[in-house]
Every structure is written in structure tokens, then in C-alpha cells.
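Here is the structure we will look at.
The chain is numbered in sequence order, starting from 1. Bear in mind the structure is a predicted one, so any value in this text is a computation, not a measurement.
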Amino acid sequence: FREINKTFLMKLKAQPDYDTQRDEKEGRLRDVSDQAIWWLSSCKPGYGVQNLMSDSLATYWQSDGPQPHLVNIQFRRKTAVCSLCVYVDFKQDESYTPSKLAVKAGNHFQDLEEVESVELLEPSGWVVIDLRSGGRPRRAFILQLVVLANHQNGRDTHLRRIKVLSLAAGGGSGVGDSQQGGGASSLAIFDKIR
């Protein structure tokens with residue numbers, strides 16, 4: 001028997017006005033990008049990981065070699081991840097802009113499984129890839145973003161920024177969700193009952 005790939009190819013649109021810090025300001029999500037070790041399958045000199053981590057959207061990572069291009073994100077401890085936000089800009093990057101992405105997750109490189117597959121059509125802005133499973137954050141040591149294809153059959157790719165978002169302590173269930181009841185604060189009224 002052949003294993004059937006359970007992921008579906010989603011068509012996502014970029015959200016030019018998406019505020020990646022809104023959920024963080026409201027206490028729902030937090031950016032855990034800086035808690036990971038990042039490395040790339042390839043890069044042009046001067047266009048590496050530091051550009052993906054920069055707050056400037058004017059800089060970018062540029063791959064250098066055959067596809068697929070990989071961005072590996074490894075956490076020191078198992079991390080609950082809600083979404084992966086990728087900033088791309090077709091207006092500036094044209095054939096360097098990804099048209100197909102996949103996200104893999106796992107405990108180590110030998111057990112990585114594809115959890116999302118995304119198709120993009122000339123995106124300019126943030127592409128938010130929901131990684132939750134059954135509404136709950138996905139727990140993993142490693143995330144791998146795979147650039148499978150570019151627009152206009154381009155070979156190398158440009159990604160301007162990547163953020164990994166996790167639940168904030170006491171936060172809701174993820175991107176765009178309202179604050180959920182429950183947790184330690186809602187049980188505080190019972191801490192005096194004997």
C-alpha cells in the first residue's frame with residue numbers, strides 16, 4: 001500500500017495590510033522566531049538568514065542553486081506553533097517569487113511530514129500559513145519551509161521575512177481568534193474552596 005499524502009494544496013492570497021504584531025500586542029500570539037536555529041539550503045553571498053530575520057522588508061534571502069529551496073527552523077525544545085508568516089513581493093521580485101510552498105514539521109529530520117501545501121498567485125504581502133491541527137497548535141522541534149516552484153519558472157527565490165507564531169501564555173487558540181475563556185485565571189475563584 002502507498003501512503004496517501006493527507007495534505008491539500010491550498011490557494012492563499014497575500015495580505016498586504018496584515019499586522020503580524022497585532023495578535024502579539026493583544027496577548028494572543030508571540031513571535032518565537034528568535035528561539036530557533038535557522039539555516040538555508042543555499043544563499044547568494046550577503047543574502048542569507050540575517051535578511052530573513054531583519055525587520056526591514058527591503059532586504060531578502062536569495063537562494064542559489066536548484067530547487068527545492070529549504071528554510072530549516074530548529075527549536076531547542078518542542079514548540080507549539082500556530083502559524084508561519086512569510087512576506088513575499090511579486091511586484092518587486094517577479095520570477096523570484098514562490099508560487100508553490102510546502103511546510104514540513106517533525107521531531108527530527110528523519111520524521112519530517114508535510115503538514116501544509118500552498119499555491120500562491122502573484123502575492124505581495126504576508127502569506128499566513130495556518131499550522132494548527134484540529135484547532136490546536138502543532139508541536140514540533142523542526143519546521144521546514146520548502147519552495148517547490150517560482151512564478152514564471154524562476155530558479156532562485158526571494159523571501160523577504162519569515163515569522164513563526166506560537167500561543168502567548170494564556171492566549172487564545174491562534175491567528176485572528178478572540179481570547180478564550182479557561183485556564184488558570186478563570187479557575188482562580190476556586191482556589192479558596194476547601
Using the six-membered ring wherever Trp is involved, compare the ring planes of Tyr87 and Trp126 and label them parallel, tilted or perpendicular (cut-offs 30° and 60°).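 Aromatic pair Tyr87/Trp126 classed perpendicular.
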
Roughly how far, to the nearest 0.5 Å, is the [atom2] atom of [Y] from the [atom1] atom of [X]?
{"X": "Ser83", "Y": "Asp130", "atom1": "OG", "atom2": "CG", "result": "6.5 Å"}
{"X": "Asp156", "Y": "Ser95", "atom1": "CG", "atom2": "OG", "result": "9.0 Å"}
{"X": "Gln92", "Y": "His158", "atom1": "CD", "atom2": "NE2", "result": "10.0 Å"}
{"X": "His69", "Y": "Gln67", "atom1": "NE2", "atom2": "CD", "result": "4.5 Å"}
{"X": "Glu116", "Y": "Leu101", "atom1": "CD", "atom2": "CG", "result": "11.5 Å"}
{"X": "Thr79", "Y": "Gln74", "atom1": "OG1", "atom2": "CD", "result": "10.5 Å"}

Is there a path of hydrophobic side-chain contacts, each under 4.5 Å between heavy atoms of I, L, V, M, F, W or Y residues, that connects [X] with [Y]?
{"X": "Tyr60", "Y": "Phe90", "result": "no"}
{"X": "Met53", "Y": "Leu159", "result": "yes"}
{"X": "Val32", "Y": "Ile37", "result": "no"}
{"X": "Leu84", "Y": "Ile142", "result": "no"}
{"X": "Val118", "Y": "Tyr96", "result": "no"}

Worked check of side-chain contact (heavy atoms from CB on, under 4.5 Å) between Ser166 and Cys82: CA-CA 5 Å; Ser166 179; Cys82 292; 5.6 Å; no

Closest contact, heavy atoms only, Pro123 versus Ala14: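 The answer is CB-CB, 3.7 Å.
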
Which atom pair, heavy atoms only, marks the closest approach of Cys85 to Leu165?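 That would be SG-CD1, 3.6 Å.
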
Please enumerate all residues that pass side-chain contact (heavy atoms from CB on, under 4.5 Å) together with [X], with sequence neighbours excluded.
{"X": "Leu40", "answer": "Cys43, Val49, Leu52, Trp61, Val71"}
{"X": "Ala105", "answer": "Val115, Arg138, Ala140, Leu143"}
{"X": "Gln21", "answer": "Asp19, Lys25, Lys163"}

Are more than 12 heavy atoms, taken from residues, nucleotides or ligands other than Tyr47, located less than 6.0 Å from that residue's OH atom?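 Incorrect, the count does not exceed 12.
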
Salt bridge or not between Lys91 and Asp89? Use side-chain N to carboxylate O under 4.0 Å.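 Looking at Asp89 together with Lys91, the answer is no, because their closest N to O distance does not fall below 4.0 Å.
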
What pairs of residues pass the salt bridge (charged side-chain N to carboxylate O under 4.0 Å, His left out) test when at least one of them lies in residues 66-76, not counting sequence neighbours?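 Non-adjacent pairs meeting salt bridge (charged side-chain N to carboxylate O under 4.0 Å, His left out): zero.
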
Output every pair passing salt bridge (charged side-chain N to carboxylate O under 4.0 Å, His left out) with a member in residues 49-65, not counting sequence neighbours, ordered by first then second residue.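 Applying salt bridge (charged side-chain N to carboxylate O under 4.0 Å, His left out) to every pair that reaches into residues 49-65, excluding sequence neighbours, yields Lys44-Asp64, Asp55-Arg161, Asp64-Arg155.
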
Can you list the steps and then say if Gln15 with Val128 is a side-chain contact (heavy atoms from CB on, under 4.5 Å)? CA-CA 8 Å; Gln15 301 175 38; Val128 181; 4.0 Å; yes

Evaluation steps, side-chain contact (heavy atoms from CB on, under 4.5 Å), between Arg160 and Asn51: CA-CA 7 Å; Arg160 293 183 173 269; Asn51 293 357; over 6 Å; no

For [Y], does its backbone N or O pair with a side-chain atom of [X] as donor and acceptor, under 3.5 Å?
{"X": "Ser56", "Y": "Ala58", "answer": "yes"}
{"X": "His151", "Y": "Thr97", "answer": "yes"}
{"X": "Thr157", "Y": "Ser63", "answer": "no"}

Quick check: do [X] and [Y] have side-chain heavy atoms less than 4.5 Å from each other?
{"X": "Gln144", "Y": "Leu112", "result": "yes"}
{"X": "Val127", "Y": "Leu120", "result": "yes"}
{"X": "Ile73", "Y": "Leu145", "result": "no"}

State yes or no: are the ring centers of Phe75 and Trp38 separated by less than 6.0 Å?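 Centroid distance Phe75-Trp38: not below 6.0 Å, so no.
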
Start with the C-alpha gap between Ser33 and Val164, add the side-chain angles, then the distance that decides, and say whether side-chain contact (heavy atoms from CB on, under 4.5 Å) holds. CA-CA 5 Å; Ser33 304; Val164 182; 4.0 Å; yes

Among Ile, Leu, Val, Met, Phe, Trp and Tyr joined by side-chain contacts under 4.5 Å, find the other residues sharing a cluster with Leu148 and list them by chain and number.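 Answer for Leu148: Leu70, Val146.
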
